[in-house]
Amino acid sequence: MRLVELKVSTASQGGHAVVFVYGEVDLYTAPRLQAELASLVRDGAGRVVVDLSGVEFCDSTGMNVLLSAMKRLREHGGTLELASPRPAVRRILQVTGLDTVFSVHDALPALEGT
């Protein structure tokens with residue numbers, strides 16, 4: 001088993017949160033991202049933007065984490081958006097059709113109230 005570090009950090013203000021993700025999101029590292037997103041759902045974040053500019057690879061486990069978080073946020077009246085995916089991650093979104101499920105931004109959008 002290779003050791004790939006995944007770094008996840010969050011900046012939040014006024015119900016809006018930006019989750020910065022760096023590294024590879026796969027079967028071994030996805031629980032770290034899942035824990036961060038679950039925490040935001042529990043804390044009542046209304047809008048979550050996941051900055052994927054630092055993600056080199058994301059497999060189906062990572063995509064499922066993002067989908068699950070989006071579903072939970074929607075159940076609580078919130079949204080989850082993706083920002084700045086690198087070409088490899090954007091390609092995965094396109095091939096799977098998830099680029100039509102998620103709101104995908106080319107750059108990190110400004111959050112009102114921040």
Side-chain angles (χ1 to χ4, degrees):
M1 180 172 112
R2 72 186 200 290
L3 293 176
V4 175
E5 188 173 356
L6 180 71
K7 295 180 183 175
V8 180
S9 63
T10 301
S12 59
Q13 181 177 348
H16 303 297
V18 178
V19 179
F20 299 95
V21 187
Y22 302 95
E24 296 184 4
V25 184
D26 60 21
L27 177 65
Y28 303 106
T29 62
R32 172 73 183 97
L33 178 58
Q34 184 175 25
E36 189 72 24
L37 293 172
S39 174
L40 290 169
V41 172
R42 277 193 310 274
D43 293 345
R47 180 182 183 196
V48 176
V49 179
V50 180
D51 182 347
L52 298 173
S53 63
V55 175
E56 300 153 13
F57 173 79
C58 184
D59 72 2
S60 61
T61 305
M63 289 295 162
N64 284 329
V65 165
L66 293 170
L67 280 168
S68 176
M70 182 179 69
K71 180 181 176 191
R72 287 193 311 269
L73 281 162
R74 281 186 178 169
E75 289 170 353
H76 294 92
T79 62
L80 183 136
E81 304 164 41
L82 306 179
S84 307
R86 288 185 177 188
V89 175
R90 184 176 293 277
R91 180 79 178 129
I92 292 167
L93 291 167
Q94 291 169 338
V95 167
T96 59
L98 292 175
D99 60 333
T100 63
V101 174
F102 290 107
S103 292
V104 182
H105 306 282
D106 290 335
L108 195 61
L111 299 180
E112 302 96 28
T114 59

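Just so you know, these numbers come straight off a predicted model, no measurement behind them.
- Between the side chain of Asn64 and the backbone N or O of Leu67, no donor-acceptor pair lies under 3.5 Å.
- Although no hydrogens or angles enter the test, the distance criterion places no donor-acceptor pair under 3.5 Å between the side chain of Asp43 and the main chain of Ala45.
- Within a 6.0 Å sphere centred on CZ of Arg91, other residues, nucleotides and ligands contribute 12 heavy atoms or fewer.
- A heavy-atom distance below 4.5 Å is found between the side chains of Val89 and Met63.
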*Where do Leu33 and Val19 land on the side-chain contact (heavy atoms from CB on, under 4.5 Å) test, with the steps shown first?*
CA-CA 9 Å; Leu33 178 58; Val19 179; 4.2 Å; yes

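- The shortest heavy-atom contact between Ala17 and Thr10 is CB-CG2, 4.1 Å.
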Name each donor-acceptor pair under 3.5 Å that joins a side chain in residues 93-103 to protein atoms two or more places apart or in another chain, with its distance.
| unit_1 | atom_1 | unit_2 | atom_2 | d |
| --- | --- | --- | --- | --- |
| Thr96 | OG1 | Ile92 | O | 2.8 |
| Thr96 | OG1 | Leu93 | O | 3.2 |
| Thr96 | OG1 | Leu98 | N | 3.4 |
| Thr100 | OG1 | Gly97 | O | 2.7 |

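- To the nearest 0.5 Å, the span separating OG on Ser53 from CG on Leu82 amounts to 12.0 Å.
- Considering only heavy atoms from C-beta on, Leu37 stays 4.5 Å or farther from Val8 through its side chain.
- Looking at every heavy atom in both residues, Arg72 comes nearest to His76 through O-ND1, 2.8 Å.
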_Working note: Leu66 + Val50, criterion side-chain contact (heavy atoms from CB on, under 4.5 Å); need CA distance, chi angles, decisive distance, verdict._
CA-CA 9 Å; Leu66 293 170; Val50 180; 4.2 Å; yes

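- The minimum heavy-atom distance between Ser84 and Asp51, with the atom names listed, is CB-OD1, 3.9 Å.
- Using a 4.5 Å heavy-atom cutoff, the side chains of Pro85 and Val104 are in contact.
- Judged as a side chain to side chain contact (heavy atoms under 4.5 Å, CB included), and not counting sequence neighbours, the contacts of Pro109 are Arg47, Val49, Glu81, Ala83, His105.
- Arg90 contributes atom CZ, which lies 13.5 Å from atom SG of Cys58 (distance to the nearest 0.5 angstrom).
- With hydrogens and angles disregarded, a donor-acceptor distance shorter than 3.5 Å links the side chain of Thr29 to the backbone of Asp26.
- Here CG of Leu52 is found 11.5 Å from CZ of Phe20. Values are rounded to the nearest 0.5 Å.
- The two residues Leu80 and Ala69 make their nearest non-hydrogen contact at CD1-CB, 3.9 Å.
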